[in-house]
Structure formats: structure tokens, C-alpha cells
Amino acid sequence: MKESAESLNFIEHIIEEDLANGFPQEKLRFRFPPEPNGYLHIGHAASICLNFGLGEKYQAPVNLRFDDTNPSKEEQEYVDAIKRDIAWLGFRWANECYASDYFQQLHDWAVKLIKEDKAYVDQQTSEQIASQKGTPTTPGVDSPYRNRPVEESLDLFQRMKNGEFPAGSYVLRAKIDMASPNMHMRDPIMYRIINAHHHRTGNDWCIYPMYDWAHGESDYVEQVSHSLCTLEFKAHRELYDWYLDQIYDSNLLRPKQREFARRNLSYTVMSKRKLLELVQKNIVSGWDDPRMPTISGLRRRGYTPTSIRKFSDLAGIAKRDNVTDVSLLEFCIREDLNKTATRVMAVLNPVKLVISNYPEGQSEILQLENNPEEANSGTHEVPFSRELYIEREDFKEDGGKNFFRLSLGNEVRLKSAYIIKGESVIKDDAGNILEIHCTYDPETRSGSGTEASERKVKGTLHWVSIAHAIKAEVREYDRLFLDEAPDAHEEKGFLEFINPNSLNVIKEAYCEPFLANATLDDKFQFQRLGYFTLDPDSNDGKLVFNKTVGLKDTWAKQNTQAPTQNQAKPQVQAQPQTQKKALNEIQQIGKKLTNLSGEKLETAMNSIREFAEEVTYEELEPLFGTAAKKTGTRIATMLALGVLLNKGQAKNQAILDFIESGKADENEILRAESEKLS
RNA sequence: UGAUCCAUGGUGUAACUGGCAACACGUCUGAUUUUGGUUCAGAAGAGUCUAGGUUCGAGCCCUAGUGGAUCAACCA
């Protein structure tokens with residue numbers, strides 16, 4: 001069926017196993033079941049890519065089903081946003097479904113359960129019901145209404161449905177087991193009364209099914225074969241199956257629920273509740289703020305569907321708790337944009353550069369490559385003149401050896417233009433640089449083919465002609481939180497970790513005129529700076545660019561490393577360097593010892609003996625306790641012990657025991673070395 | 001003080017019914033480069049939480065521990 005050489009995740013293994021056991025592939029069916037009470041985020045993308053990816057892989061239909069069983073929280077706005085985001089990611093659902101489509105069926109099945117004495121109407125307060133429920137460690141007690149006559153429940157349920165009772169006064173409960181170790185089995189509520197307008201059924205209903213009752217039965221109605229959800233629903237599975245048991249017709253397919261771990265991203269939060277809080281407290285500008293991990297936020301930031309799908313693919317699916325590093329997401333978007341983004345030039349922090357030997361009033365048109373990674377991408381025109389802007393950071397009067405940019409007396413290339421040489425600077429009274437004066441070599445124009453134009457210089461700068469530049473606002477973003485897992489702290493709320501500098505607005509950046517025609521979907525690389533895209537806040541007179549992500553910058557890294565470096569490994573240098581190192585070396589070499597033979601083995605053993613010269617007995621003794629199966633480490637320890645004994649170390653009981661255990665080992669080398677010491 | 005799930009380099013995932021721990025990101029070298037980008041070549045980094053056991057052989061199986069997560073909404 002599948003010739004895949006690539007590895008499968010555990011969900012795929014389950015499906016392959018089902019297929020191998022005779023489950024017909026054409027009956028495979030999946031679903032993505034969002035509740036329309038918030039926007040989709042990158043964590044949902046994992047589930048979307050999993051379900052729709054499975055659909056593509058097995059040629060199976062995938063339904064989009066809105067889990068709209070709680071009209072007090074759900075809104076049409078969210079339905080629209082969710083559909084937009086999934087479609088934007090490039091997936092197509094087989095059917096657009098709603099749990100509310102099945103309200104009548106669900107109601108009829110509930111009546112059936114009541115008639116079979118498997119459900120009853122309770123009329124206690126939610127507090128009473130909660131207290132009777134017990135705790136995970138203590139069993140619950142039965143409701144006084146648990147054994148009310150079937151007819152009475154039937155009548156009350158009918159009247160609940162007819163709107164005769166106020167919200168909260170009655171509920172329908174499944175009659176299962178108040179002593180079950182699984183809290184979800186302790187007579188779970190199936191229906192409650194809610195007097196709210198539903199976005200689809202309007203005021204047709206005033207009783208609404210709970211998640212557990214609606215979800216599995218909806219899967220059954222749609223004949224979903226594999227109902228995939230996140231781990232926190234694991235405990236619901238027993239109930240999912242119980243509900244199915246009550247209505248299941250063996251001629252039909254029986255859905256099965258399987259659970260995977262939700263995906264977390266470092267330096268952000270991933271729960272709709274918390275994201276909503278960020279929106280409501282105006283910490284961000286909305287669900288689509290470019291700093292948000294929402295699909296719509298990422299889209300506005302400049303992420304592409306390709307990059308998000310690639311990310312989901314690389315991150316994978318499994319069952320353990322995880323915090324995926326944002327750097328993986330950034331890798332994915334850089335990889336995509338590097339291949340597709342149009343190269344342009346823009347200066348964000350300008351300083352004036354005057355080419356003193358370029359004729360005043362003159363200008364010329366140069367060609368700029370659209371994308372060096374794409375042979376057929378062509379070029380566009382960029383005007384050049386005597387007065388330019390370059391980045392302030394690209395100039396230092398005296399740059400030093402490792403500074404590849406412009407400094408006095410040094411040459412650099414202006415990208416796609418000429419080679420220039422720094423000559424002088426003009427400063428104000430405070431010492432701020434106002435202008436840099438340079439000279440250019442007219443023979444060095446890019447692409448002119450002259451020998452001079454082929455000359456190699458250390459650095460290349462981007463630039464923009466002042467007279468021709470257009471202004472734009474540029475918004476740069478940083479992580480929203482300063483902590484890697486802001487919601488993983490018991491003591492502190494996630495809002496305490498907000499990064500106060502997550503947004504940096506540059507009101508006046510200077511762009512080459514080509515950008516005047518930018519449209520919302522365009523992706524640009526501002527050369528040497530990063531990837532940018534137009535923000536919807538742009539209008540006729542005003543361009544606003546979002547920085548999607550910067551280019552990798554090994555230069556910036558070198559410059560910031562000095563102060564940051566030490567926090568990487570704080571715990572190491574407690575002991576004198578050389579001794580610590582020697583023992584480590586011995587362990588390191590020891591680990592691999594059992595994989596070596598002949599000359600290599602001999603060399604390794606000798607270097608262990610050498611390192612042993614620098615080790616004290618006190619350091620070595622703890623290694624005597626090394627687990628029996630870590631033979632290599634034990635051999636290394638034995639060798640080192642030999643060296644110490646030679647140096648006059650007395651044999652104590654620990655040493656004798658260790659040697660004896662070595663002699664009894666099944667490894668030849670270890671036995672031999674132990675013999676030598678006894 | 002219960003039930004259930006999880007535990008593999010810094011991070012995320014692999015390793016088909018046991019056979020010398022792989023891939024990606026990240027990190028570090030070097031080369032190329034009219035983007036300190038890209039590309040290319042290479043390196044470091046894990047006896048798979050611990051201790052036992054089964055086996056010729058265990059990351060995979062068993063036992064016991066340890067650590068983490070989840071479960072007590074008329075939310076999903």
C-alpha cells in the first residue's frame with residue numbers, strides 16, 4: 001500500500017496496523033473539530049496538518065466540523081476566521097459540518113437512553129452535583145434523583161426541551177458509576193439548559209449537549225474512522241466508548257479516539273484562553289497581531305502556508321510534553337522566503353553618504369537582481385545618485401580588522417552599484433555623524449564586465465538614493481515573552497513575562513522606489529536585513545512593512561556573545577579545571593572502549609592511563625559504582641585504578657571489591673585488567 | 001494520596017515483530033559568495049531517567065523506583 005521509506009508517527013502506525021488487520025482503506029475518514037470560540041494558532045496547525053495530511057496520504061475525506069455545543073461562547077466571527085485560516089493553509093475539507101446539525105439526532109438518542117434507564121434528569125444545583133462527584137482519590141455518591149422513575153425523567157427532559165425551566169435548574173445525566181476511578185464516568189452531564197442565541201440554530205433549542213455526548217456521536221454520524229485529539233482527552237476515551245456502545249449499530253463503522261500531545265512553542269503561550277486575554281487586555285492589537293502565534297498573526301507577520309506546513313512536518317507528532325524551539329519555525333520561513341522573496345533595498349536607520357566625485361545633479365538607473373536563488377527571476381531598476389542613505393551601523397571611522405563595512409580609507413561595494421572608498425566625516429558639535437564623504441571608482445559598476453568591476457572587496461552595503469527614496473513605516477517584532485515557557489510557572493502568571501520591547505516601530509525608513517507598487521501578498525527580502533511584507537494598515541499614501549524574520553546574522557552574534565556567553569553553562573567550573581577534565585576524558589574514552597579493537601583499542605587504553613596520572617583517588621572512587629552493563633566505563637576505571645596503585649595508592653576494601661567484581665565480569669578485557677591488579 | 005499517560009544529544013522527532021542510537025533545528029570550524037544571507041565540506045554533542053531482571057544480544061520486553069503531565073467546569 002505504502003512504499004514509504006520515511007518513518008511514521010505513532011498515529012500512522014495505528015492506521016497501518018488497522019489496514020493490515022483488514023480495515024478497508026476506502027473507509028478511512030478524518031475530521032478537524034474546532035470549537036468556534038477563538039482563532040486558530042500554530043498548535044492547531046499541528047492537528048490540522050495531521051488530519052488533513054492523513055487525508056492526503058490515504059486519499060481519505062476530512063471533514064471540518066465545528067464543535068458548536070455552547071452558544072454562550074461561540075460566534076460566527078470565529079467560524080469565518082477558522083475557515084479562512086484552514087483554506088489559507090491550503091487544505092480542503094470534504095464537508096463543512098456542525099455538531100449543531102445533529103442536535104435532533106442527539107436528542108432522540110438521549111430519549112432512548114432515558115427509556116433504557118441509562119440516563120436521568122437531576123435537579124440539584126451544580127454545587128451539589130459537584131460535591132457528590134467526589135475527588136480523583138475518593139469515590140462519589142449517588143444523586144437522590146438517580147433512581148427516579150423513567151417516566152418522570154422522560155417528562156422532565158421533555159419539559160426542559162420545551163423551555164419550561166430556567167437555566168441551571170435541571171440537567172440530564174448518564175447513569176454510569178459514581179464510584180468509577182475515572183471522574184468522567186461518574187454520571188456525566190449530557191444536557192444542560194442554556195438560554196442563548198445559537199449562531200446557527202437560533203432559538204430552536206434551549207437544551208444543549210455537552211462535549212462528550214456530542215463529540216463521539218458526531219464522529220459516528222459522520223463515520224469518522226479515527227478521531228484524533230490531544231492528550232488531555234485521554235481520560236474521556238472511556239466515556240467516548242461508553243456513549244458509542246449505547247447507540248452503536250454493528251453494520252456501521254465504529255470510530256476510535258486516539259490522543260497525541262499538543263504542540264508548544266517556546267517564548268509564547270498556546271491556549272485560546274490566554275491568547276484571548278492578551279487581546280482583551282490590549283497587550284496585542286488583536287488576534288492577528290503579528291506577534292501572536294495565531295495563524296492569522298503569522299500570516300500578517302509574513303509567514304507562508306508552506307513554512308507552517310513544513311514546520312508541522314518537521315516537528316512531528318508524539319505523546320510526550322514538548323516545547324519546540326521557535327528557531328525551528330524561523331528556519332522554516334527563512335528557507336521558504338530565501339527561495340521566493342524578491343530582493344530589494346531599504347535603509348532603516350539612515351546616515352547620509354555623499355559621493356564627492358560623482359557629478360552633482362546626475363543620476364543613473366542600475367539593475368538589481370530579483371532573486372539570486374532563482375535563475376529566471378529577472379531584475380528590476382534602481383536609481384543611483386550622488387547622495388545616498390546607508391545604515392548607520394554600516395560605518396565606523398576606524399572599523400578594525402574584523403569590520404567588513406565602510407570605514408575611512410577602506411573600500412566597500414555598494415550592492416549592484418560601485419566600489420567606494422571612505423574619505424571623511426562631518427559631525428555636529430556633539431560628535432554625531434551627519435555625513436560621510438566618499439569617492440567612487442566609475443570603472444567598477446556592477447555587471448559592466450570591466451576588470452575593475454570584478455575586483456574583490458571585503459564588504460557589500462545596501463543603500464538607497466535620497467532623491468528617489470520613498471518613505472515607509474517599518475515594524476520590527478521580538479518574542480512576546482521573555483521566558484521560554486511563560487505559562488509553566490506555578491508562582492507567576494504568564495503576563496509577568498511579557499517582553500516590553502516586543503514591538504519596535506520605525507516611523508521613517510527609506511525604500512527604493514520599486515516598493516511603491518508592493519501589494520499585500522508580496523514577500524520581500526530587504527537585503528542584508530531580513531524578510532518583510534506589507535501590512536494591511538498600509539493605505540494609498542502610506543506604506544507599512546512588517547519584519548517577518550531577520551536574516552541569520554553571525555556578525556551580530558559575535559558582537560553580542562561576549563556578555564551572554566557565561567550563562568550557557570554555569571555549573572561546570574567548581575573543581576580545578578585540569579582534574580575535572582582528566583576524569584571526564586577517561587569517562588569519555590571509556591564509553592567507546594567496547595566498540596574498539598586492535599590498535600585503536602590499544603591507543604585508547606594508553607590515553608586513559610595518561611589521563612589517569614592527573615586523577616586523584618577521591619575522584620575515581622565514585623566510578624566503582626558504575627552499573628555492570630556500562631562495561632567500557634568500568635574498564636576505564638580499572639585502568640585508571642591501576643595507574644593510581646602504581647603510584648602508591650593503598651588497597652582499601654572498596655578497591656578490593658571493585659577488582660573482584662571486575663574479575664567476575666564476562667568482558668575479557670575487564671577480566672584481564674582486573675587480574676593484573678589483584 | 002487514586003487512576004491514566006509519558007521519559008532517547010540543547011530542542012523536536014526516528015529506530016518495522018529485540019541486532020553496535022538516526023534525522024532536522026540549534027551550536028562550532030573551514031571553503032565559496034557583489035547579502036557577515038544562501039550554498040558546500042566538516043566537527044562537537046546521547047550507552048536512550050535509575051536499579052534490577054529475561055536474552056547470545058535490550059532504547060525496545062518484565063519488575064521496582066524516580067521525575068513530569070493529565071483527571072474533581074451545567075467548557076471544549
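Here the structure is a predicted model, which is why all the values come from computation and not from measurement. A note on names: the letters A, B, ... follow the listed sequences, proteins ahead of strands, and every chain is numbered from 1.
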Open item on the list: Across nucleotides 70-76 of chain B, 5' to 3', mark each nucleotide with B, S or - according to how protein heavy atoms within less than 4.0 Å reach it.
Closed with: -BB-BSB
Task: A:Met270 CE to B:G12 P, straight-line distance once rounded to whole Å - done: 13 Å
Open item on the list: With a cut-off of less than 4.0 Å, is there a side-chain N or O of A:Asn9 near OP1 or OP2 of B:U13?
Closed with: no
- [ ] Please indicate whether A:Glu451 has more than 12 foreign heavy atoms, meaning atoms of other residues, nucleotides or ligands, lying under 6.0 Å from its CD.
- [x] no
Task: Ring centres under 6.0 angstrom apart (A:Phe10, A:His13) - done: no
Open item on the list: Measuring to OP1 and OP2 of B:C5, would you say a side-chain N or O of A:Lys319 lies under 4.0 angstrom away?
Closed with: no
Open item on the list: Can you confirm whether or not the ring centre of A:Phe524 sits under 6.0 Å from the ring centre of A:Phe532?
Closed with: no
Open item on the list: For a quick check, with a 4.0 angstrom heavy-atom cut-off, what is the B/S/- contact string for nucleotides 34-41 of chain B, read 5' to 3'?
Closed with: BBBBS---
TODO: Quick one: stems involving RNA chain B, counted as three or more successive Watson-Crick or G-U pairs, both distances short of 3.5 Å.
DONE: B:2-7 with B:66-71, B:10-13 with B:22-25, B:27-31 with B:39-43, B:49-53 with B:61-65
Open item on the list: From CZ of A:Phe260 over to P of B:U13, roughly how many Å is that when rounded to an integer?
Closed with: 12 Å
TODO: For B:U38 versus B:C6, give the span between their C1' atoms, rounded off to a whole number of Å.
DONE: 40 Å
Open item on the list: Expressed as a whole number of angstroms, how long is the span from A:Glu490:CD to B:A69:C1'?
Closed with: 12 Å
Open item on the list: Roughly how many Å apart are B:G10 and B:G18, using the C1' atom of each and rounding to a whole number?
Closed with: 30 Å
TODO: In whole angstrom, give the distance that lies between atom CG of A:Leu328 and atom C1' of B:G10.
DONE: 14 Å
Task: Rounded distance in Å between the P positions of B:U33 and B:A14 - done: 41 Å
Open item on the list: Which nucleotide wins on minimum distance to the side chain of A:Thr137, given the candidates B:U1, B:U27, B:C25?
Closed with: B:U1
